[in-house]
Protein chains: 2
Amino acid sequence: MAYVDRGFNSGGGRAAPANSEFPRVGIQNDCTLRPMRHPQHSVLFYEGDKAERLYELDEGVVMLFKLLPDGRRQVVEILNAGSVFGLSAGEVYDCTAESLTPVKVSTLDRNSLEASPSLQQYVTRCLLTQMETLHDHAVLLGRKSAMERVSTFLMRMVPNRGGFACAGPAEDGTDDSRSVTLHMTRQEIADYLGLTIETVSRVISEMKRRGLICIERQDQIRIVNVCRMCQMTGIH
Amino acid sequence: MAYVDRGFNSGGGRAAPANSEFPRVGIQNDCTLRPMRHPQHSVLFYEGDKAERLYELDEGVVMLFKLLPDGRRQVVEILNAGSVFGLSAGEVYDCTAESLTPVKVSTLDRNSLEASPSLQQYVTRCLLTQMETLHDHAVLLGRKSAMERVSTFLMRMVPNRGGFACAGPAEDGTDDSRSVTLHMTRQEIADYLGLTIETVSRVISEMKRRGLICIERQDQIRIVNVCRMCQMTGIH
DNA sequence: CGACGGCTTGAGGCGCTTCAAGTGCGGTGG
DNA sequence: CCACCGCACTTGAAGCGCCTCAAGCCGTCG
């Protein structure tokens with residue numbers, strides 16, 4: 001029958017496209033503008049703007065979001081260094097892009113994409129990674145509880161854990177804790193996870209109460225036991 | 001300009017990339033296997049299978065879904081003719097692909113993608129369209145009510161309506177009704193919209209009660225007034 | 001006809017949202 | 001140094017929307 005449990009799922013590991021196996025050829029070429037820096041909370045483009053340039057994120061974190069007319073917001077992607085964004089199937093951007101940290105971005109005329117097969121290949125790989133992340137996020141938004149959403153969100157911040165290729169806890173008996181920096185307010189997290197700010201806050205408080213996390217700063221959280229956190233994502 | 005708006009948008013019509021303006025160069029080449037036909041409810045590949053080939057959907061409808069270990073399912077994409085799928089950032093498929101209707105698909109070795117820039121360009125465009133659909137779907141899953149979700153789902157079945165480039169109702173006073181075929185069971189719809197089967201059923205009944213739709217068959221619904229349905233999607 | 005599968009309907013409960021205070025912390029100024 | 005302010009976050013209480021569980025209905029098929 002159709003729905004065999006294969007015993008995996010793509011759960012966590014959405015490492016950024018930029019890694020050793022895939023060197024940052026990036027989008028440098030004749031049409032590349034000098035990389036630009038923008039402070040935190042800059043809007044790089046708005047949903048509906050004419051989509052003339054595409055962006056590569058060199059440093060920092062960017063979020064893409066969409067708004068409904070009544071003000072409801074959904075953060076649809078959170079992008080790390082190495083990601084390409086601002087490409088659109090239509091004439092205009094389908095999302096607004098805002099920096100969550102100070103960022104450095106390169107931009108490129110979208111026409112020059114056709115000119116360079118190697119660039120296109122790079123872009124395609126970025127898109128595929130983003131697509132898998134979007135698939136996972138659809139599962140989160142459609143099927144996970146608040147606790148599972150926040151756990152999944154926190155695990156997303158821990159590289160090389162929680163996915164197929166989960167490295168597992170270090171074998172040498174050292175503690176399996178890990179400090180992560182969110183770079184997001186509770187409201188931004190809520191809009192990413194499809195929750196309200198109060199629910200996010202309550203879940204984080206509950207995790208603290210249970211000793212799963214320590215709040216080191218508003219946007220910096222220590223996951224006391226990564227493995228235990230991972231158990232709560234709904235993936236295991 | 002490369003990416004011409006084909007009259008669909010984010011909102012509703014995510015018609016497949018294959019249309020007159022963009023001829024189906026498709027993925028025909030040396031490495032293409034003879035197009036294959038599969039009956040309804042065939043699994044084309046499972047999540048976790050080695051991702052050796054990519055697929056182009058020539059005819060029919062395919063859904064991609066993911067499962068959580070406890071059986072919760074999320075349908076992450078619904079693909080129409082012209083779509084490319086089965087590409088993966090990793091070594092394995094991140095979703096299961098199942099046909100919702102009888103389908104005809106062509107497959108292609110994934111290695112041959114690198115060999116053909118024109119093919120890669122085609123694939124990139126497909127991915128971009130799918131990405132915008134996924135963004136819209138994230139908004140649906142994260143921020144819309146059950147009624148809005150079902151309305152949005154129904155509007156998705158009506159080409160050229162509900163988006164930016166919405167053609168609007170015909171001016172000649174003809175009625176603005178439209179019959180759509182779902183090709184999906186209530187359970188599949190529920191798993192696509194992040195709801196339960198009962199909620200989907202109740203919403204559809206409520207729409208019928210309000211005279212918004214007529215049930216012509218289980219999986220065929222007449223939208224009595226497309227404009228009125230569109231008002232309920234949350235997009236306006 | 002009776003069995004089956006998919007859909008509908010009802011009743012009750014739970015989880016998240018809504019609304020409304022309250023808390024804590026960094027920054028500013030007296 | 002401390003009072004004050006603003007802002008983001010937290011906490012509480014109440015409500016509602018969707019889920020869960022359980023029948024019941026309807027069309028199809030042997």
Side-chain angles (χ1 to χ4, degrees), chain A residues 1-3 40-41 68 70-75 100-101 140-154 181-210 212-221 232 234, chain B residues 40-41 68 70-75 98 100-101 140-154 181-210 212-221 232 234:
Chain A
M1 214 1 239
Y3 308 124
Q40 192 174 18
H41 301 307
L68 290 175
D70 62 4
R72 282 175 287 179
R73 180 171 76 157
Q74 180 65 44
V75 175
L100 289 172
T101 62
L140 181 149
L141 294 172
R143 290 295 177 219
K144 289 192 182 179
S145 70
M147 182 65 83
E148 288 171 334
R149 292 182 200 207
V150 175
S151 321
T152 307
F153 173 71
L154 290 175
T181 306
L182 308 183
H183 303 302
M184 295 171 83
T185 65
R186 298 287 185 266
Q187 185 63 64
E188 286 159 350
I189 296 169
D191 287 346
Y192 182 52
L193 300 182
L195 299 169
T196 59
I197 184 172
E198 295 94 334
T199 300
V200 170
S201 182
R202 272 185 256 270
V203 169
I204 288 176
S205 296
E206 175 63 21
M207 285 178 168
K208 190 168 56 186
R209 214 169 298 127
R210 290 202 217 162
L212 291 161
I213 57 172
C214 300
I215 311 299
E216 303 186 325
R217 277 204 333 264
Q218 294 274 49
D219 76 333
Q220 185 165 335
I221 289 180
M232 312 193 59
Chain B
Q40 193 173 17
H41 302 305
L68 291 174
D70 61 4
R72 282 176 286 179
R73 181 173 75 160
Q74 180 65 44
V75 174
E98 183 179 324
L100 290 171
T101 63
L140 181 147
L141 293 173
R143 292 295 178 218
K144 290 192 182 179
S145 71
M147 183 64 83
E148 288 171 335
R149 292 182 199 207
V150 176
S151 320
T152 306
F153 174 71
L154 290 174
T181 307
L182 309 184
H183 302 303
M184 294 170 83
T185 65
R186 298 286 184 268
Q187 185 62 65
E188 286 158 352
I189 296 169
D191 287 346
Y192 183 52
L193 300 181
L195 299 169
T196 58
I197 185 173
E198 294 94 333
T199 300
V200 170
S201 183
R202 273 185 256 270
V203 168
I204 288 176
S205 297
E206 175 62 23
M207 285 178 168
K208 190 169 58 185
R209 214 169 297 128
R210 292 201 216 164
L212 291 162
I213 57 173
C214 301
I215 312 298
E216 303 184 326
R217 276 203 334 261
Q218 293 274 49
D219 76 333
Q220 185 165 335
I221 288 180
M232 311 192 61

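Order of the sequence lines fixes the chain letters, A, B, ..., with proteins taken first and strands second; residue numbering starts at 1 for each chain.
Nearest heavy atoms, A/Q218 versus A/R186: O-NH1, 3.1 Å. Closest of all the heavy-atom pairs between B/Q74 and B/G194 is OE1-CA, 4.0 Å. Closest non-hydrogen pair, B/E148 versus B/R143, comes out as OE1-O, 4.3 Å.
How far CG of A/L154 is from CD1 of A/I213: 6.5 Å, rounded to the nearest 0.5 Å.
Comparing A/R143 and A/R202, the nucleotide of DNA chain D nearest to each residue sits closer to the 5' end for A/R202.
Applying the side chain to side chain donor-acceptor pair (under 3.5 Å) rule to A/R217 yields the partners A/D219, A/Q220; only residues at least two apart in sequence or on another chain are considered. Considering only residues two or more places apart in sequence or on other chains, A/T199 meets the side chain to side chain donor-acceptor pair (under 3.5 Å) condition with A/T196. Residues meeting the side chain to side chain contact (heavy atoms under 4.5 Å, CB included) test with B/E206, sequence neighbours left out: B/M147, B/R209, B/R210.
Under the 4.5 Å side-chain criterion, counting only non-hydrogen atoms from C-beta, A/F153 is in contact with A/L182.
Contact annotation for A/S201: base contact, defined as any heavy-atom pair under 4.0 Å involving a base atom. The residue A/S205 sits close only to the backbone: its heavy atoms come under 4.0 Å of sugar-phosphate atoms, none of a base.
Bounding nucleotides for the chain A contact on DNA chain C, 5' to 3', at a heavy-atom distance below 4.0 Å, are C/dC16 to C/dC19. Counting 5' to 3', DNA chain D first comes under 4.0 angstrom of a heavy atom of chain A and last does so at the ends given by D/dC9 to D/dA13.
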Discussion item. One pair to check against side chain to side chain contact (heavy atoms under 4.5 Å, CB included): A/K144 and B/L68. What are the steps and the verdict?
Written reply: CA-CA 9 Å; A/K144 289 192 182 179; B/L68 291 174; 4.2 Å; yes

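Contact check of residues 190-199 of chain A against DNA chain C (heavy atom, cut-off under 4.0 Å) returns A/G194, A/L195, A/T196, A/E198, A/T199.
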